[in-house]
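The structure appears right after this line, and notes come after that.
FYI, the numbering just counts along the sequence from 1. Just so it is clear, the values below take in all heavy atoms, side chains as well, and ignore hydrogens, waters and symmetry mates.
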Amino acid sequence: MKKQLTVFPFPYDAESNGFIAALSSVVCAAKKYTEDTPYWCSPKGCYCKKCGGCTGQSLGKTQLSVYHCLLAASGLAFGFDYPEDDSVGLHTIPNIPIGWRWDDGFMADIMDFAGLSFIRCKNKTVAEICTIIKDSIDAGYPAMVANHRVYPNEMAWVSCWKIVCGYTDDGITVMNYGGEVSDVNSGEYEDVVVITGEVDCANDAVCAGNGMRKQTYFDVLRRIYAVLSDPSHDALENEIMADLSNVTSENAEILSFKLMGINGVPIEARWHAAEAFTSKGNLLYSLVDSLASSAESNELKAAAEKLAELFLTRYIKDGNNETHGICWKIWACLNVGPQTGYLPVAESFSLIQRPNVQNELKRLFKIVFDNDRAVANGIMEILNSARN
């Protein structure tokens, strides 16, 4: 007997974190999202009316919306690296050491935010996984599996997570990073996350008291603030400034790769965060809507609107020294972009040795860090007001 669920391929659009991309597709499948699921169009400020101004409504946009929210609410959108990337000296996300692999507390929080219940197993054979996931697959819920121990190269962490979208008589059906689907009937997986159902997200105040969905909008804000205010950010800014004051012909290449690599995270991740906060009808805004019948509803919605404007202004609003545009300018300083595969080239190594380029890079990186500080301060104002 064979059963296979329909799962939207991952990653979609600009999604660099393999775990969050896979989980976004899992959420869409578990919540039975379809091509007709309402999608909030930020430019129009309303749900998609299929006006033809873009490619129209698609499940891909809904999956991307889930990715925006998961990356933002987890705090991962606010660092300068991703947690499975062991090539960095240290992570700019608190409580994540080198070698970290999605600890149980993190997994519980992000699944709770997504509104899914789950079980997690370690070191299971394909035959054992088939037994574990069969009931969930039959109920329409996929699973996720990964092997973390051995990466064939330092970037393999991006694609180590896979989605179990079905089973066969003697194995499982797996969707790989990129969307390829294949049957697997042997081997073992180190990490197995099985979705077992959905959590009632209708009322957070009730859910928190009944062991159901526990997180609130303010919990998410506290998590984000902890990342943005982590001392590692100031340390990284100081390190960048020192590096740019000490460029030599001998270290120009390694510094070019280092700075362009750092730049590659906020240019994408802060965009995801801004999309999450400026949209409605998504997973993040459901934490605001959940209080629709409470006395705090108007206050919470006002806070959400204030943060939406802050995220828009500091991260993606064109011509406003927003992080997204500034990061493109950082790449341009070394002639890095799509034409170079977003990697430095020989010309970059020469450019970074010029004092005027070094000064411009210092100025631009400072704006990136200043924007993060402004967002952190805005979040803290909201949190302080909520305590009063």
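- Between the side chains of S24 and Q63, no donor-acceptor pair is found at a separation under 3.5 Å.
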Listed pairs under 3.5 Å, donor-acceptor, residues 176-185 side chains, sequence neighbours left out:
unit_1, atom_1, unit_2, atom_2, d
N176, OD1, K162, NZ, 3.2
D183, OD1, T173, OG1, 2.8
D183, OD2, K2, NZ, 3.2

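- With hydrogens and angles ignored, the 3.5 Å screen pairs no side-chain donor or acceptor of E198 with any backbone N or O of G115.
- Linking ILVMFWY side-chain heavy atoms closer than 4.5 Å, directly or via other members, places V88 and I20 in two distinct hydrophobic clusters.
- A salt bridge does not link D191 with R101: every distance from a Lys NZ or Arg NE/NH1/NH2 to an Asp or Glu carboxylate oxygen is 4.0 Å or more.
- Residues passing the salt bridge (charged side-chain N to carboxylate O under 4.0 Å, His left out) test with E188: none are found, sequence neighbours excluded.
- Interatomic distance, CG of N359 versus CG of L364, reported as 11.0 Å (0.5 Å rounding).
- Side chain of N147 to main chain of E190: a donor-acceptor pair is present (N/O by atom type, distance under 3.5 Å, no hydrogens or angles).
- Looking at heavy atoms from C-beta onward, Y167 lies in side-chain contact with I133 at the 4.5 angstrom threshold.
- Within the model, atoms CD1 of I326 and CZ of F369 stand 13.5 Å from one another, a figure rounded to the nearest 0.5 Å.
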Task: Stepwise side chain to side chain contact (heavy atoms under 4.5 Å, CB included) test for I379 and R222 - done: CA-CA 8 Å; I379 289 174; R222 279 187 282 270; over 6 Å; no

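- Following chains of ILVMFWY side-chain contacts shorter than 4.5 Å, one cannot reach L334 starting from V265, and the two form parts of different hydrophobic clusters.
- Proximity of L312 to I316: side-chain heavy atoms (C-beta onward) are separated by under 4.5 Å at one or more points.
- Taken to the nearest 0.5 Å, the CG atom of N251 stands 7.5 Å off from the CG atom of D243.
- With contacts defined as side-chain heavy-atom distances shorter than 4.5 Å, the pair C160/E84 qualifies.
- Looking at every heavy atom in both residues, S186 comes nearest to V126 through O-CG2, 3.1 Å.
- No option in L23, L5, V174, V7 other than V7 meets the side-chain contact (heavy atoms from CB on, under 4.5 Å) test with I163.
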Task: salt bridge (Lys or Arg N to Asp or Glu O under 4.0 Å) assessment of R120 paired with D104 - done: CA-CA 9 Å; R120 191 179 194 183; D104 288 341; 2.8 Å; yes

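- Annotation: side chain of L70 is not in contact with side chain of N17 (no heavy-atom distance under 4.5 Å).
- Judged purely by distance below 3.5 Å, without hydrogens or angles, the side chains of T92 and S232 never pair a donor atom with an acceptor atom.
- Both tests pass for K32 against the ring of Y141: distance under 6.0 Å to the centre and angle within 45° of the axis.
- Criterion: ILVMFWY side-chain heavy atoms under 4.5 Å apart, direct or through other members. Under it, L90 and F78 are not part of a common hydrophobic cluster.
- Not one N or O on the side chain of T278 forms a donor-acceptor pair closer than 3.5 Å with the backbone of A308.
- Ring orientation note: the planes of W40 and Y47 are nearly perpendicular, at an angle over 60° on the 30°/60° scale.
- The side chain to side chain donor-acceptor pair (under 3.5 Å) pairs that include a residue from residues 365-382 are D234-R373, E237-R373, R270-D372, R314-N371, Y315-D372, T323-N371, K366-D370, D370-R373, where partners are two or more places apart or lie in different chains.
- A donor-acceptor pair is defined here as one N or O able to donate and one able to accept, closer than 3.5 Å; such a pair exists between the side chain of E268 and the backbone of S16.
- H233 and F80 have their aromatic ring centers within a separation under 6.0 angstrom.
- Take E360 and apply the salt bridge (charged side-chain N to carboxylate O under 4.0 Å, His left out) test, not counting sequence neighbours, and it matches R363.
- Contacts of K134 classified as salt bridge (charged side-chain N to carboxylate O under 4.0 Å, His left out), with partners at least two apart in sequence or in another chain: D138.
- Panel note: side chain Y285, backbone A304; no donor-acceptor pair is recorded below 3.5 Å.
- Under the side chain to side chain donor-acceptor pair (under 3.5 Å) criterion, the residue pairs touching residues 346-356 are N335-E347, with sequence neighbours excluded.
- Rounded to the nearest 0.5 angstrom, L76 CG and I110 CD1 are separated by 6.5 Å.
- You'll find the side chain of L116 stays beyond 4.5 Å of the side chain of F118, heavy atoms only.
- Using modelled atom types, one side-chain atom of N263 and one backbone atom of C327 make a donor-acceptor pair closer than 3.5 Å.
- Between H324 and I267, the shortest heavy-atom contact is CD2-O, 2.9 Å.
- Follow the hydrophobic side-chain contacts under 4.5 Å out from L64 and you reach F311 in the same cluster.
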Open item on the list: If you apply the rule side chain to side chain contact (heavy atoms under 4.5 Å, CB included), what do you find for L255 with I352, and how did you get there?
Closed with: CA-CA 8 Å; L255 286 182; I352 200 173; 4.2 Å; yes

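- The aromatic ring centres of H68 and W271 sit less than 6.0 Å apart.
- Residue I254 qualifies as open at atom CD1: its count of foreign heavy atoms under 6.0 Å is 12 or below.
- Taking the six-membered ring where the residue is Trp, W328 and Y342 present perpendicular rings, their angle passing 60° and hence far from 30°.
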TODO: Before giving the answer on side chain to side chain contact (heavy atoms under 4.5 Å, CB included), spell out for D109 and Q215 the whole-Å C-alpha distance, their side-chain angles and the decisive distance to 0.1 Å.
DONE: CA-CA 8 Å; D109 283 342; Q215 284 179 80; 4.3 Å; yes

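- F106 and W100 have their aromatic ring centers within a separation under 6.0 angstrom.
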Task: Derivation of the side chain to side chain contact (heavy atoms under 4.5 Å, CB included) call for L71 and Y82 - done: CA-CA 10 Å; L71 199 74; Y82 288 118; 4.3 Å; yes

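- In terms of modelled atom types and a separation under 3.5 Å, the side chain of T340 and the main chain of G337 share a donor-acceptor contact.
- Side-chain atoms of T37 come within 3.5 Å of backbone atoms of T34 as a donor-acceptor pair (strictly under, hydrogens ignored).
- In this structure a side-chain-to-backbone donor-acceptor pair under 3.5 Å is present from T313 to E309.
- Contact detail for L307 and L221: the closest heavy-atom pair is CD1-CD2, 3.6 Å.
- Two residues are said to be in side-chain contact when any heavy atoms from C-beta on lie closer than 4.5 Å; I240 and K362 fail this criterion.
- Of the listed residues (Y12, F10, Y33), just one forms a side-chain contact (heavy atoms from CB on, under 4.5 Å) with C28, and that residue is Y33.
- Going from atom CZ of R223 over to atom CZ of F113 covers 8.5 Å, rounded to the nearest 0.5 Å.
- Using a 4.5 Å heavy-atom cutoff, the side chains of V368 and I330 are in contact.
- Without hydrogens or angle criteria, E322 side chain to N320 main chain gives a donor-acceptor distance under 3.5 Å.
- Both Y225 and L287 are members of a single hydrophobic cluster when ILVMFWY side chains are connected at heavy-atom separations under 4.5 Å.
- In this structure, S25 and V66 have side chains that are not in contact, with every pair of non-hydrogen atoms separated by 4.5 Å or more.
- Of the inter-residue distances, the one linking L300 atom CG with F218 atom CZ reads 5.0 Å to the nearest 0.5 angstrom.
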